[in-house]
Amino acid sequence: MTTVSIPAGWPATEQEARAVQDELRASVLLDEPGPPPGTGHVTGVDVAYDDERDVVVAAAVVLDAASLDVLAEATAVGRISFPYVPGLLAFREIPTVLAALDALPCAPGLVVCDGYGLAHPRRFGLASHLGVLTGLPTIGVAKNPFTFTYAEPAAARGSAAPLLAGDDEVGRALRTRAGVKPVFVSVGHRVSLDNACAHTLALAPEFRLPETTRRADALCRRALEEALREASQAIPGTPQETPQESATRH
DNA sequence: GCGACAG
DNA sequence: ATCTTGTCGC
């Protein structure tokens, strides 16, 4: 597991973070269809936290898009870079997610994020942000509708309904399992909404959530437990070395 | 002004 | 996100 420090110049206030979003938003590409479903690599990314100990762990898991077999995995650990603020989730997750992606031994292909892309107060959610920073095609698949509205899709798997911010379709409520709560798909970078939904459906043949998300979630939870176990191995009463310090040391 | 609000 | 017991079902 690689270690990462908080980048220099990382936003320290909500105002600064919102300004970054407003600036980077112009770089999002929305006119590309993205890779065809069922081909190449698809990578899930997710993050687990221990706020008490100021530890964050990210995981990236590469799947073969056709078989959904795991091809590669990587994890990264760091310190929490931002508090959780609705609309600013990316600033909490991105430094460690980038480190996990960098540690992969192969190309990620399409990146599937746990959260939103376009479906965001300023149309620049985690998936958009990660896409602009990496140049990779990205989509967001969230478990909750956030502040957006939607009509309940039909009960059949594959049914969908627009996810609306007023009159704007910012994503789609997509039923991946018959009769089960839909997931909320939105475009990140360099992928169309239709294609994002097709990928999501292809990645969720059995469960509500895509396999990319399930694999990344399981891995970052295991990695967080491991990181906390190692921290508690130290002699009680001894000042604990922080991830920041171990990243700086050479 | 108050509440709601991805993870 | 995380905290948490039992329970229903494949």
Side-chain angles (χ1 to χ4, degrees), chain A residues 11 14 17-18 20-21 24-25 28 44-61 75-98 100 111-132 138-150 163-166 168-174 176-189 193 196 200 205-210 212-229 231:
Chain A
E14 298 183 22
R18 282 190 288 266
V20 170
Q21 291 180 330
L24 292 182
R25 186 176 47 213
V28 174
V45 293
D46 196 16
V47 171
Y49 304 92
D50 187 315
D51 285 87
E52 287 287 304
R53 297 174 188 265
D54 190 21
V55 175
V56 52
V57 172
V61 181
T75 57
V77 61
R79 303 181 66 178
I80 294 174
S81 53
F82 210 85
Y84 173 67
V85 178
L88 300 178
L89 176 66
F91 295 93
R92 188 165 164 82
E93 307 210 333
I94 275 192
T96 322
V97 167
L98 285 176
V111 178
V112 180
C113 299
D114 197 0
Y116 282 121
L118 236 204
H120 178 273
R122 286 166 296 282
R123 305 294 180 269
F124 194 74
L126 171 63
S128 318
H129 203 145
L130 190 63
V132 165
T138 60
I139 67 173
V141 180
K143 299 181 283 295
N144 296 293
F146 201 10
T147 62
F148 304 104
T149 60
Y150 66 102
L163 186 64
L164 299 173
D168 299 338
E169 181 177 26
V170 295
R172 214 165 274 167
L174 175 65
T176 53
R177 289 200 71 180
V180 174
K181 177 179 177 175
V183 296
F184 304 90
V185 179
S186 62
V187 156
H189 186 58
L193 182 55
T200 302
E206 186 176 3
F207 301 106
R208 177 185 176 230
L209 297 179
T212 38
T213 301
R214 289 168 42 79
R215 296 281 190 176
D217 179 72
L219 179 56
C220 69
R221 287 189 197 214
R222 286 199 306 268
L224 177 62
E225 285 180 21
E226 180 189 343
L228 297 178
R229 270 205 317 276

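None of the values given here were measured: they were computed from a predicted structure. Values reported hereafter were calculated over all heavy atoms of this structure, with side chains retained and with hydrogens, waters and symmetry mates removed.
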Please list, for nucleotides 2-8 of chain C, all pairs of protein and nucleotide N/O atoms separated by less than 3.5 Å.
none

Rounded interatomic separation in angstrom, taking CZ from A/Phe82 and P from B/dA6: 16 Å
Interatomic distance, A/Phe184 CZ vs B/dA6 P [rounded to whole Å]: 11 Å
Contact under 4.0 Å: A/Asn144 side-chain N or O vs B/dC5 OP1/OP2: no
Protein-nucleotide distance (A/Arg177, atom CZ; C/dC10, atom C1'), rounded to Å: 11 Å
Stems involving DNA chain B, each a run of at least 3 consecutive Watson-Crick or G-U pairs under 3.5 Å: none
Ring geometry between A/His129 and A/Phe91 (parallel below 30°, tilted from 30 to 60°, perpendicular above 60°): perpendicular
Length of the CZ-C1' vector between A/Phe207 and C/dG9, whole Å: 13 Å
Rounded distance (nearest 0.5 Å) linking atom CZ of A/Arg53 with atom CD1 of A/Ile80: 12.0 Å
Salt bridge (charged side-chain N to carboxylate O under 4.0 Å, His left out) against A/Arg222, all qualifying residues, sequence neighbours excluded: none
Pairwise distance OH(A/Tyr49) to OG1(A/Thr96) - rounded to 0.5 angstrom: 7.5 Å
Each stem that DNA chain C is part of, given as range with range (3 or more consecutive Watson-Crick or G-U pairs, under 3.5 Å): none
Whether A/Tyr150 and A/Phe184 hold their rings parallel, tilted or perpendicular, with breakpoints at 30° and 60°: perpendicular
From A/Leu164 atom CG to A/Arg172 atom CZ, the distance as rounded to the nearest 0.5 Å: 11.0 Å
Under 4.0 angstrom between A/Lys143 side-chain N/O and B/dA6 OP1 or OP2: no
Spacing of A/Phe124 atom CZ and A/Arg25 atom CZ [to the nearest 0.5 Å]: 9.0 Å
Sugar-phosphate only, base, or nothing, as touched by A/Gly140 at under 4.0 Å among non-hydrogen atoms: nothing
side-chain contact (heavy atoms from CB on, under 4.5 Å) assessment of A/Leu98 paired with A/Leu130: CA-CA 8 Å; A/Leu98 285 176; A/Leu130 190 63; 3.7 Å; yes
Separation of B/dC5 C1' from A/Leu89 CG (nearest whole Å): 12 Å
Spacing of A/Tyr84 atom OH relative to C/dA1 atom P, expressed in whole Å: 11 Å
A/Arg123 atom CZ: more than 12 heavy-atom contacts under 6.0 Å: yes
Sugar-phosphate, base or nothing in reach of A/Leu163, heavy atoms under 4.0 Å: nothing
Nearest listed nucleotide, side chain of A/Thr147, among B/dG7, B/dA6, B/dC5: B/dC5
Separation of B/dA6 C1' from A/Phe148 CZ (nearest whole Å): 9 Å
A/Asp51/A/Tyr84 under side-chain contact (heavy atoms from CB on, under 4.5 Å): CA gap, chis, key distance, verdict: CA-CA 10 Å; A/Asp51 285 87; A/Tyr84 173 67; over 6 Å; no
Counterpart residues, salt bridge (charged side-chain N to carboxylate O under 4.0 Å, His left out), relative to A/Lys143 (two or more places apart): A/Asp114
Nucleotide B/dC5, atom P - distance to OH of A/Tyr150 in whole Å: 12 Å
Salt bridge (charged side-chain N to carboxylate O under 4.0 Å, His left out) partners of A/Arg18, counting only residues at least two apart: A/Glu14
